[in-house]
Amino acid sequence: HYRVSASQDNSVFTQLLNIKNTSTTVNTATDLFALKISKYFTIFTLFMVVCTLILSIYLQKSPAFIFSLLSAIFVTGLLHAFISCTRIQFLTTLNKFAHAGIFFKTPATIEQARHIDTVILGKTGILTEGHPVVTALQAEGITPKVLLALAASAEKDFDVPLARALVTSSIKNQAHLQRISSAQLLTGKGVEALINGDIIRVGKASWLEDEGVKISNELQMKAFQIAQEGGTPIFIALRKYCHGVLTLLDPLKYRCKAALALLQHMKINTILFTSDNKNTAKTIAKDLSIDQYRAELLPTDKAREIDLLHTHGLTIAAVGNADNDLPMLHAADIGVYLNNDIQANVVTAADVIIPA
């Protein structure tokens, strides 16, 4: 049985509708400039018409001269009509994007998009399917089933891809979850939990080493092999010793290569930003022909890297899909958010929202 409660004002549909309505009521810089020019041009034209009309009456000019004045007024009206048609065309474009599932927070983003020369891409859910699975587990000093149960128990209370993959694998392999005393998610590092008085850590090798956990050469070599094959090695430690490494595999999206090839054809530089290890990032970047990669980045590191790229004069679009990517989206010139989970902080950070 499920009990669901939701506020209409906070629904995804309502938020997207508000974004669309806001974008269609905001004038772009080009609109404002054109309206300003039109305003001054109209005032100047009407002033000249009045002055010329008074002069023509005083000098008793022919009706042909009066006709020329009316023509000037007509031309002024055409300028207003042209600006209005341009605005209508722009709003039509925004509506077409909205029907296609692409929502611009402000129409200025469309104008700015033509200046983009660099696209930064997240990994999970952007280049990959976003549904990783556990494909293998190498254990030391403990049975794989028990190790899998410990890792899944530590992760089970967190709504992250790794946790879902571990819980699914434990159910499939009939590894019974255990009750935990406490657990905390360390962004960009892993999960630390207390089970039966023992500390369980599931995450990156660099984090475990910082915590004084010993990792054998065999497990390190296995992790290198996993990364070379495009997978993500996840280490599992009990107290101060690493007892195993599991292979987390998230398949690449089949349309990625074509999309990236199109960006390269447009002479746009591509960079992979990921919290994953360097070997995995290098393999994925090589497979997809991505120009550069940055690995083992925390959310704040991603924003800092974008600030450094800005110092080189680059105009950057960033594509992400999770809370960890929001600092990156906010720092970029255009932030593109690809996810159904749309909260207030997402609307603040992203310029383009695609609930894909």
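Just so it is clear, the model here is predicted, and its values are computed rather than measured.
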Strictly by salt bridge (Lys or Arg N to Asp or Glu O under 4.0 Å), give each pair with a member in [range] just once, sequence neighbours left out.
| range | value |
| --- | --- |
| residues 250-263 | none |
| residues 336-346 | none |
| residues 278-301 | R294-E305, D301-R304 |
| residues 196-205 | E192-R201, D198-R239, R201-E211 |

Just grab all the ring-ring contact (aromatic ring centres under 6.0 Å, His included) pairs involving [range], residues at least two apart or on different chains.
| range | result |
| --- | --- |
| residues 290-324 | none |
| residues 96-118 | F97-F104 |
| residues 128-184 | none |

Taking only residues two or more places apart in sequence or in another chain, which ones pass side-chain contact (heavy atoms from CB on, under 4.5 Å) with [X]?
| X | answer |
| --- | --- |
| D276 | K123, T232, T274, T280 |
| V133 | T135 |
| P144 | L137, A139 |

field: pair T124-P161: side-chain heavy atoms closer than 4.5 Å
entry: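 Of all side-chain heavy-atom pairs linking P161 with T124, at least one is under 4.5 Å.
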
- prompt: In chain order, what residues pass the ring-ring contact (aromatic ring centres under 6.0 Å, His included) check against Y241, with sequence neighbours excluded?
  reply: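 Testing Y241 for ring-ring contact (aromatic ring centres under 6.0 Å, His included), a comparison that skips the adjacent residues, returns H243.
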
- prompt: Are any side-chain N or O atoms of K240 and backbone N or O atoms of G212, one a donor and one an acceptor, separated by less than 3.5 Å?
  reply: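 Answer holds: no.
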
- request: Applying salt bridge (Lys or Arg N to Asp or Glu O under 4.0 Å), name anything that partners D159, two or more places apart in sequence or on another chain.
  value: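 So D159 forms a salt bridge (Lys or Arg N to Asp or Glu O under 4.0 Å) with R164.
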
Evaluation steps, side chain to side chain contact (heavy atoms under 4.5 Å, CB included), between V346 and N339: CA-CA 10 Å; V346 172; N339 204 326; over 6 Å; no

